[in-house]
Structures are given as structure tokens and as C-alpha cells.
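Worksheet: the structure to be examined is printed underneath.
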Amino acid sequence: MSQTNLHELSAAATATAVAAGQVSAVEVAQAHLDRISQTDDQVRAFLHIDADGALAAAKAVDDRKAAGDRLGPLAGVPLAMKDVVVTRGLPTTAGSKILQGWRPPYDATVTRKIREAGMVMLGKTNMDEFAMGSSTENSAYHPTHNPWDLSRVPGGSSGGSSAAVAAFQAPLSIGTDTGGSIRQPAAVTGLVGHKPTYGSVSRRGLIAFSSSLDQAGPFGRTVQDTALLFDAIHGHDPQDSTSIPNTRFEATAAAVEGARAELAGLRVGVVRELTGASGGYQAGVLDSFFKAVEILRGLGAEIVEVGCPSFDYALAAYYLIAPSECSSNLARFDSVRYGLRVGDDGERSLEEVMSLTREQGFGAEVKRRIMIGTYALSSGYYDAYYGQAQKVRTLIARDFDNAFAQADVLISPTSPFVAFGIGERVADPMAMYVNDLCTLPASLAGTPAISVPCGLSDELGPRLPVGLQIMAPALADERCFRVGAAFEAAYNAANGTVLSNIPALGA
Amino acid sequence: MSDDRPTLTRHEVAHLANLARLAVTEAELDLFAGQLDVILGAVARIGDVAAADIPPTSHAVPLTNVLRPDEVRPSLPRDEVLAAAPSVEDYRFRVPRILGEEE
């Protein structure tokens, strides 16, 4: 096996090669660390690179192989971890200055599962501070650059995780999705990204932003790779009280089967409210989307249009619920147990020190959301804002129920826009929020959705990727992978992979 | 759009910041007052939805009474926890004074 292109292999091919002894896990890890050294000064996907830890984890896989152990389906495969997931002894900041230098005393359940699968964690990826944003520009450390065009954002909030996989620094990464933070960055970097059913992946050890919405999930360059990672991380966790008991998905099998199958008999619902009828969507995005609809039709799917009128209120509901929950969750950053402490001169009170610490430790977007949440939860406003938003959530879930009575999956563009320029939208919070327009309904309903590359748009100059969102009912995650894999196979057969169009870095 | 709120004042933003324990600067008050007003104006349309009889939702798969056996389990490693704290004294978190005046 050629040693020069190890970083270009899929996760599935890497695991097979390691298990077959064609390449060692240490060689694979070193190839990815080398790729990171060569490219991350341009992409800046990582906040922390753990070369020693990665090589040690890889050596442990090689030792097990030498001892005759049977290796799991992702053993020896490198992975990039979003910095909102805690990792024992490794810096974990959630993209915030308030946690600079913090080394957690425990592993998140997701981290533990990654380690137990024999995966090789290369480091921690950049993100919008506390996952609040859609561009990774809200990182307190530095922006991350989209490998398709370094002047553009990689989406967010999991923009380090999307950029790392698109730049071939890792075949897989973990992101978290509260309102679209896996699906939108996957779409704008030409990747597959899955937001699981809420409660199917443990939230223990995810630094909380909005507890009723946060969900960790996988990024990959193929539907099958993404499914392999989802199969490794999901499952009930008694240490997360919102974790759903007895969940066992066979996403990889669904992806493998989907890639071989047609979609005859499958009813695909095009969501009227998420296809730009009232404007605001880029023409290049809609063009790719409607071509994707024809590919699905060509696979034998029956295309129906469905109406989900309450989706028009998803943005308002989300930007009340998420800030409300964050204002409560982020109260834990009190300068006492971990992280930053500012102004403790022996004279000032705890309250004064706390206020100075939070003022210095949080960035502007985090402060804005905490204050919006404080407003929405305050006496006299609670019913009109947070309470009303939770009711609208019920209406959105009912729209999904009605739509899923007419269709097996629902589709839309993943985002109204392709990747935008760094700095273009930072001054206007609302201009940033509309990036999440298509992804918010599934977040609020807690239902699964996947973004799969579905074309390229050159509307803004360079050719940039567009994502197709495929939504399924709660606990029907396998359906996302099956339909996603069928679409991917048909798209690639006709056009080649979207990612094959990415310009070489360092040119 | 049913945004009949009065415009958010600088004074109200200062009050919110105080409630949220954020020692915001004068410049931030000016910036945030305008931005928060735009955001609140945009989300106020939530009030247009007739939802009086609708129950609230917080989880896709409702779970109730999630309990676990009352068994002793190991805690987080004390030394690692304390090593990450900003200030420690006698194996405890050290905090600034919490009372308004000296006792």
C-alpha cells in the first residue's frame, strides 16, 4: 500500500487496511499528523494537536493486532474532536477564553466510546465559542478557513471539524449540532454530516449550550464513513437523563445497503417552506437542490410536496429557546471551580469577581445570547417568550408528524447559502442566524437529519459545495443513511464526487 | 410582525447585564442595546402564533422519572479537579468574600 496517500483513504478503507496488516495504525496516524503540519497553517482547523497521544493510541492498536486481537470496524482510524467535548487531561476550551488552559478530569461518554473503538484522536478542533454561531468566527482564538476557498468560512459552529475532514487532515470528526452546527458546516465544505435523534448520543461531557437541543454527531467524506462513526458513538448512557433507552442502530448496514439499492416505493417530501418560495435562497443552491430532486426521482422515489406552516416560526422559537437555556447553562462559569478568575484582589466580593471574569472571559455573541435569554426568562416575559417558544416547538413537531404521514423522508437544501466570506456577516447577528433556517425545524423537533453533498454553485465566483438535507422521523436515523447513500451513489455515478473538485491546498 | 415592545434602552441592557453577572463596558452598552433590540424584534413574531391550548415540548421522545439505583460510585479524582480550579486552599475551592461587609 502506498504510504503517500494514506490521508486520502476513507475511514472504511483505513480500518480494513489496518485490520489486514497492510499498513500500521502508527503509519496512518503519522500520515495525518504530517498532513496537519503541512496544511493547518492555512486552514487552522485545530485548537490543540495531540501528536503524542495519537501515536500512543495508534501503537496500542498495532500491539493488539500483533497480539492477535480482533480489531473493531474503526480501529486505527484517526479522528478530530470538536473542542466542546471534554477529554481527560487534554485542553478543552469550547472555543472560549474562559476555559483557556483547562484540562478536564474526565472523558465525555463520546470520548470514551471513541477510545474504546480504537480510534486515534488527533486533536481538538476550533469552533464558535460555546457552539454559538454558524461560521466559527466566534471562536475566541482564531477563525478557521474553508479548504475550498481560504477566504471563506467553513460553517459553524463545528467549523474546525468540517474543515479538518475536507482538508484531508482526518477522515472523520465529531461535531455537535444545536440548530444546524453539524449539517450546515458539512454542506458548505462538501461533507456528509449527521444530526442524530435527540437522546441517541450521550450528552455527558458535552459542554452544554442548549440542553434540550444539543446533540453530538459525525462528519465524514462518505455516507458509509459517517454511518460507521455514528454506530460507534450512539447508545443509551445512564449518566445522561435525556438519553433514550434501548437504542441500537445499524447505520452502517443501512448505508451499505442503500448504496446498492434503488428507491422505488420511497415517498420523498419536498418541504414547501424550506425551498425558498418566498426568496432569500441563493439561486445556485436551489439549482443544485432541484437537480437532486430529479436524481431521487430517477432512483424511483415518488416526489410529493408537503406543507409545514409552523416552520416559518422555527427561527424565532430557536432564538428564544437556545439563548434561554444558555443563560442558565453558562451560569456555571462563575470563576470558582474551573477556568478563568479575574480581579480577585482580596477586596472585591465573589459577585464582583464573577462579573469581571465573565465580562473578560466571554465574547460578544455569548454575551448577547446570555442577555437575550435572561430577558426571555425574566418575570413577566417568560410565558410570552420561552413558554410560547416551547409551544411552537409542539406545532413544529406536529407539522413533521403530518408530513411524515405523506412521505418517508423530507428534503430541503441544508442551508440557503454556500460558504460566505470571512468577516462578511459578523456585524449583523440576524444575518448570521438565517444560515440555520433549514436546519432549525429538525433541531426543535429532536428528529434526525443528514446533509449529503448534492452539487456545486459558482454563483459567487469559485465553485462551492451545496448540501442536501434529508430528514426522517424520530429514531429513524437509519433511513437518513439509507436514502443518503442511495443519493450519493447516484450523484457520484453521474458527476463524480463533489469533494473531487476541491482545489489542492498550498498551491 | 407583532413587535409592540418599547425599544430596549441602554439602561435596560445594563440591568440585564447585571442580572447575568456581566460587567459590560459603556461601549458595549451602546453596541448591545441596538443589536439586542433587533434580535428581540425578530423573535417577537413568536407571539403571532395562536398556541394557547398547545402543550409545550422539550424532548422528541418524552421520558419521565429517569431514576438510577442509589449506589455509591467513585467521584471525580479530587486532585485533578482541584488542579483545574483557579484558587484552592486546604483541598477546597477558595472563593472571594461572599458577604456584603466584614463580620
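Note that the structure is a prediction, hence the values are computed from the model and not measured. Here is the naming used below: chain letters follow the sequence lines, and residue numbers restart at 1 for every chain.
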To the nearest 0.5 Å, what is the distance between CG on B:N65 and OG on A:S241?
11.5 Å
Which distance, rounded to the nearest 0.5 Å, do you find between the CE of A:M371 and the CG of B:N18?
11.5 Å
Sidechain-backbone polar pair: B:H59 side chain, A:S212 backbone, donor-acceptor under 3.5 Å:
no
Chain A contact via B:V13 - side chain, backbone, both or neither, heavy atoms under 4.5 Å:
both
In this structure, CZ of B:R45 is separated from CG of A:L315 (nearest 0.5 Å) by 8.5 Å
So, the part of B:E12 with a heavy atom under 4.5 Å from chain A: the answer is neither
Tell me, side chain or backbone of A:S243 under 4.5 Å from chain B's heavy atoms, or both, or neither?
backbone
Would you say CD of A:E351 has more than 12 non-hydrogen atoms from neighbouring residues, nucleotides or ligands within 6.0 angstrom?
no
Below 4.5 Å from any heavy atom of chain B, which atoms of A:P238 appear? Answer side chain, backbone, both or neither.
neither
With a sphere of 6.0 Å drawn around CD of B:E28, does it hold more than 12 non-hydrogen atoms of other residues, nucleotides or ligands?
yes
Which atoms of A:A314 come close to chain B, meaning under 4.5 Å heavy atom to heavy atom: side chain ones, backbone ones, both, or neither?
neither
Which portion of A:A331 sits near chain B, non-hydrogen atoms under 4.5 angstrom:
neither
If one checks every heavy atom of A:S335 against chain B at 4.5 Å, the contacting part turns out to be backbone
Less than 4.5 Å to any heavy atom of chain B: does that hold for the side chain of A:Y433, its backbone, both, or neither?
side chain
Test of understanding: with side chain to side chain contact (heavy atoms under 4.5 Å, CB included), list the residues that count as partners of B:R94, not counting sequence neighbours.
A:R341, A:D344, B:S87, B:E89
So what's closer than 4.5 Å to chain A heavy atoms on B:L8: side chain, backbone, both or neither?
side chain
Where on B:A52 is there a heavy atom nearer than 4.5 Å to chain A: the side chain, the backbone, both, or neither?
backbone
Checking the side chain of A:R368 only, and the main-chain atoms of B:Q35 only, is there a donor and an acceptor separated by less than 3.5 Å?
no
Residue selection (most heavy-atom pairs with chain B, distance under 4.5 Å) from A:Q390, A:M430, A:Q360
A:Q390
Option in B:A20, B:S58, B:A23, B:A83 with maximal non-hydrogen atom pairs under 4.5 Å from chain A
B:A23
Grab the two heavy atoms, one from A:R103 and one from B:A84, that are nearest each other, plus how far apart they are.
O-CB, 4.2 Å
With a 3.5 Å distance limit and no angle check, can you tell me whether A:E359 reaches the backbone of B:L22 through a side-chain donor-acceptor pair?
no
Checked B:A85, B:P56, B:A17 vs chain A; the most non-hydrogen pairs under 4.5 Å come from B:P56
Pick whichever of A:L213, A:L475, A:L395, A:D383 has the most heavy-atom pairs under 4.5 Å with chain B.
A:L395
Would B:V81 and A:Y338 count as a side chain to side chain contact (heavy atoms under 4.5 Å, CB included) here? Give the steps.
CA-CA 8 Å; B:V81 170; A:Y338 32 67; over 6 Å; no
Around atom OH of A:Y381, are there more than 12 heavy atoms from other residues, nucleotides or ligands closer than 6.0 Å?
no
Relative to chain B, which of A:T447, A:V392, A:D428, A:I370 shows the most heavy atom pairs under 4.5 Å?
A:V392
Identify the residues of residues 317-325 of chain A whose heavy atoms come closer than 4.5 Å to a heavy atom of chain B, ordered by number, or report 'none'.
A:A317, A:Y319, A:L320
Heavy-atom cut-off 4.5 Å, strictly under: side chain, backbone, both or neither for B:L63 against chain A?
side chain
What part of A:V336 is in contact with chain B, defined as an atom under 4.5 angstrom from a non-hydrogen atom: side chain, backbone, both or neither?
both
So which heavy atom on A:P104 is nearest to which on B:E80, and how close?
O-OE1, 4.2 Å
Toward chain A, the part of B:V66 with a non-hydrogen atom under 4.5 Å
side chain
Checking B:T57 side chain against A:R393 main chain: does a donor-acceptor pair fall under 3.5 Å?
no
Using atom types as modelled and distance alone, determine if a side-chain donor or acceptor of A:T374 lies under 3.5 Å from a backbone N or O of B:L16.
no
Partners passing side chain to side chain contact (heavy atoms under 4.5 Å, CB included) against B:R68 (at least two apart in sequence or in another chain)
B:R73
Which residue out of A:A364, A:A384, A:A397 racks up the most heavy-atom pairs below 4.5 Å with chain B?
A:A364
Working to the nearest 0.5 Å, report the span between CG of B:L82 and CZ of A:R337.
12.5 Å
Counting only non-hydrogen atoms closer than 4.5 Å, does A:E352 touch chain B with its backbone (N, CA, C, O), its side chain (CB onward), both, or neither?
side chain
Taking atom CD1 of B:I39 and atom CD1 of A:I372, what is their separation to the nearest 0.5 Å?
4.5 Å
Measure the spacing between NZ of A:K367 and CG of B:L36 and express it to the nearest 0.5 Å.
12.0 Å
Mind checking salt bridge (Lys or Arg N to Asp or Glu O under 4.0 Å) for A:R358 and listing every partner two or more places apart, or none if nothing turns up?
none
Nearest heavy atoms of B:A42 and A:A316, plus distance in Å
O-CB, 4.3 Å
Around atom CZ of A:R248, are there more than 12 heavy atoms from other residues, nucleotides or ligands closer than 6.0 Å?
yes
Just so I understand: if I count every heavy-atom pair under 4.5 Å between each of A:G89, A:G339, A:G373 and chain B, which residue has the most?
A:G339
Quick check: closest heavy atoms across A:Y313 and B:I46, and the distance to 0.1 Å?
O-CD1, 4.1 Å
